[in-house]
2 protein chains.
Amino acid sequence: MTERTRRSTAPTIYDIAEKAGVAASTVSRALNKPGRINSETERRIRAAADELGYRLNPMARSLQSGLTGNFALVMSDMTNPVYFDLVRGAERVTAEAGCTLLFADSQENVDVELDAAQRLLRVADGLMLVGSRLSDEQIVALAELKPVVTVNRLVADLPAATAEVEVGVHEAVRHLAELGHRDIAYLTGPSASWMNGRRHEVLVADALSRGMTVRAIESDSPTIDGGRAAVPRVAASGVTAVVAFNDLLAFGLLQGARDAGIDVPGTLSVIGFDDIFGADLLTPPLTTVRSHMRSLGEAAVVALQRAIAGEPGADSDRPATKLIVRGSTGPATD
Amino acid sequence: MTERTRRSTAPTIYDIAEKAGVAASTVSRALNKPGRINSETERRIRAAADELGYRLNPMARSLQSGLTGNFALVMSDMTNPVYFDLVRGAERVTAEAGCTLLFADSQENVDVELDAAQRLLRVADGLMLVGSRLSDEQIVALAELKPVVTVNRLVADLPAATAEVEVGVHEAVRHLAELGHRDIAYLTGPSASWMNGRRHEVLVADALSRGMTVRAIESDSPTIDGGRAAVPRVAASGVTAVVAFNDLLAFGLLQGARDAGIDVPGTLSVIGFDDIFGADLLTPPLTTVRSHMRSLGEAAVVALQRAIAGEPGADSDRPATKLIVRGSTGPATD
DNA sequence: CTGAAAGCGCTTACAG
DNA sequence: CTGAAAGCGCTTACAG
């Protein structure tokens, strides 16, 4: 009721026009291109607008411009703390542009992700896919509809924002080497994750160059439970250190190892990726490769803005990674 | 470029109409009210729409209906893991309704919150304020514009979704009483937080009825740092147990106590609220009052939908709380 | 500098 | 059941 009333009485530019004794088109100009109009007229129009409590109807403008002012963000798992800062960074740049961030969580499920992406794409000007599990083909198909930016994923020549991997991994491998580790394992993330492949391949290359061996140990899911479940396989492998695809897996390794009576870092060293919330609160606190997720979120929005504007997708700065050494790594003991 | 081309070629109902040999109004009906139209005509229209890859332009529809299909959610701190499940619940119900969730983070700042609320309100049909730090007056002013639902906050007769507090607190107090605690403290949250006041008052009432004393200890901010900073005051107070406004504060207490050489739960018992991510990973794991945040998020969206539809704001079910006993509580030792 | 008019893509009474 | 027309609130060439 009240609602209805409010809606129907919302003042339009025509109300302002009447009040100020000008045409609606003049009101539109006064409000949108300050300075291009007689300043006394403009003043009168603004006064009328203020008095009426006028607010632009964004739908009407959108219908004109074809642009909604919305940017969509789909991430693989919003309960993964790694995305906190990414979302904050994306939010900040989006708000600064006077736009709005739409956002959905695919819960590590391809169908949910595709569904959410399609749904959001209809009401947004473009889409950011974070840690997408979609196939390249699916992503390309989305990009036919509207601009798409991939985050921590590279697809054909779509614009992307990715964190640098080399530096952090390099530091991690050197750290392990200095502690005397020779046989290490990589606990894998989802096979559909581009970043999983990237971390794995850089780790292997780096370790080989130091004469270390890296065996892959598969995990079921990139979660704490996935890490716990992998503990027996890690133990059986005989490695002295394991690098996990992400911190959630590493958390699970730590928990599972404790339950199994495996001493970390005495018997096994553990390194994660991301430096998520809680990594420094555990016992032992986790050694992990941190990347600057906030910058990544900002870079993603900037790339999307450029894509929407039709500008070429210059590769943005890739936020640097670095190793944060804590208590979960120690000397190798064979 | 490509962008421009895509946009301008997006098929409209007029393209479908032409292809199917009917009027645009018929297309609109066929697509929106299936069954109300000659089934052969409808079939032809759908076929044409499919062939053209037609997608409804939501802005055009919005301009008609005055509704955007967007629900806005503003929360006090999105890096607080307590909101994970709330957002997921809200997201699920929103998506189910074919709507979209807009979302912003106020970073515990009143100005940022007000700004975000106003910004989102213009492009959404209604607003959910989670753990708002705004004044009642500010919230009422927002509610003049569009429907507003408060979450874990009660304002005048605005619709709200709140978690039940009594059961969990009752269990917590009984738990402490059974462990022999007589003098306990409440580590406060933000004074602008309604839920802070609520937890405090229920705790005091419950404790008094058991002959326990509760002193209030102020925290600067409801974060881990805020908890750490409070440790000296907690220690000086001589209490044997402290209940913190939220788990982040409790995390900080645990950390700070360890650094100060205070044994938890040997010398001091600690209880939090929320059961956030990590609560069971700490050493000792945290005893805490859990509420079902997912239900809360769902209830908030349902309440908002009702408010938008102009239905009376019946108080929704209040998700129950319960005490999760872990390792941070133990017998009182005076 | 300003106004009249057309149009963005859809929906919805109003006729037939 | 279907069509022609008006209208949602704004912007933007096009004239003056």
Side-chain angles (χ1 to χ4, degrees), chain A residues 3-46 48-49 52-69 98 122-123 125 145-146, chain B residues 3-46 48-49 52-69 98 122-123 125 145-146:
Chain A
E3 192 44 27
R4 182 65 55 79
T5 314
R6 282 206 291 261
R7 281 283 151 61
S8 62
T9 44
T12 71
I13 55 170
Y14 288 92
D15 300 317
I16 301 176
E18 192 177 349
K19 187 159 192 128
V22 296
S25 47
T26 305
V27 174
S28 175
R29 282 188 209 100
L31 265 26
N32 292 306
K33 326 190 196 287
R36 308 270 247 97
I37 247 184
N38 181 296
S39 64
E40 158 57 15
T41 311
E42 183 177 329
R43 198 199 51 69
R44 219 168 61 232
I45 291 173
R46 292 195 174 279
L52 292 169
Y54 171 76
R55 344 210 84 214
L56 172 76
N57 181 326
M59 278 99 74
R61 174 176 278 175
S62 290
L63 188 52
Q64 278 299 321
S65 65
L67 257 31
T68 63
R122 328 183 69 219
V123 294
D125 298 333
L145 270 33
K146 296 257 182 89
Chain B
E3 192 42 27
R4 183 66 55 78
T5 314
R6 282 204 291 259
R7 284 281 151 61
S8 61
T9 44
T12 71
I13 54 170
Y14 288 92
D15 299 319
I16 302 177
E18 191 177 349
K19 188 159 190 126
V22 297
S25 46
T26 306
V27 174
S28 176
R29 283 189 209 98
L31 265 27
N32 292 307
K33 326 192 195 287
R36 309 269 247 97
I37 247 185
N38 181 297
S39 66
E40 159 55 16
T41 311
E42 184 177 330
R43 198 200 52 67
R44 220 169 59 231
I45 290 174
R46 293 195 173 279
L52 292 169
Y54 171 76
R55 346 210 83 214
L56 172 76
N57 181 325
M59 278 98 75
R61 173 176 279 175
S62 291
L63 189 52
Q64 279 299 322
S65 64
L67 256 32
T68 63
R122 328 181 71 220
V123 295
D125 298 333
L145 271 32
K146 298 257 182 88

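Keep in mind that this is a model prediction, so the values were computed, not measured. These numbers come from the heavy atoms of this one structure, side chains and all, not from hydrogens, waters or symmetry mates. Sequence lines set the chain letters: A, B, ... in the order given, protein chains first and strands last, and positions in each chain run from 1.
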ask   = What is the nucleic acid contact for B/Ser62, judged by heavy atoms within less than 4.0 Å: base, sugar-phosphate only, or nothing?
value = nothing
task = Give A/Ile37 one of three labels, base, sugar-phosphate or nothing, depending on what nucleic acid heavy atoms sit under 4.0 Å from its own.
result = sugar-phosphate
task = To the nearest Å, give me how far apart CG (B/Leu63) and C1' (C/dG9) are.
result =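 Between C1' of C/dG9 and CG of B/Leu63: 9 Å.
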message = Does any part of the side chain of B/Arg29, heavy atoms only, come nearer than 4.5 Å to the side chain of B/Ser25, both counted from C-beta?
response =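 SC-SC contact between B/Ser25 and B/Arg29 confirmed.
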Looking at [X], does any N or O in its side chain come under 4.0 Å of the phosphate oxygens OP1/OP2 on [N]?
| X | N | result |
| --- | --- | --- |
| B/Tyr54 | C/dC10 | yes |
| A/Arg61 | D/dT11 | yes |
| A/Asn57 | D/dC8 | no |

Test of understanding: with side chain to side chain donor-acceptor pair (under 3.5 Å), list the residues that count as partners of [X], not counting sequence neighbours.
| X | value |
| --- | --- |
| B/Arg44 | none |
| A/Arg61 | A/Asn32 |
| B/Thr26 | none |

query = With pairs taken as Watson-Crick or G-U wobble and both distances under 3.5 angstrom, which stems of at least three consecutive pairs involve DNA chain C?
reply =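 Consecutive-pair runs (3 or more) involving DNA chain C: C:1-3 with D:14-16, C:5-12 with D:5-12, C:14-16 with D:1-3.
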So which protein N/O to nucleotides 12-16 of chain C N/O distances come out below 3.5 Å?
unit_1	atom_1	unit_2	atom_2	d
C/dA13	N6	B/Arg29	NH2	2.9

Run the side-chain donor-acceptor check on residues 52-60 of chain B: report pairs under 3.5 Å with partners two or more places apart or on a different chain.
unit_1	atom_1	unit_2	atom_2	d
B/Asn57	OD1	B/Met59	N	2.8
B/Asn57	OD1	B/Ala60	N	3.2

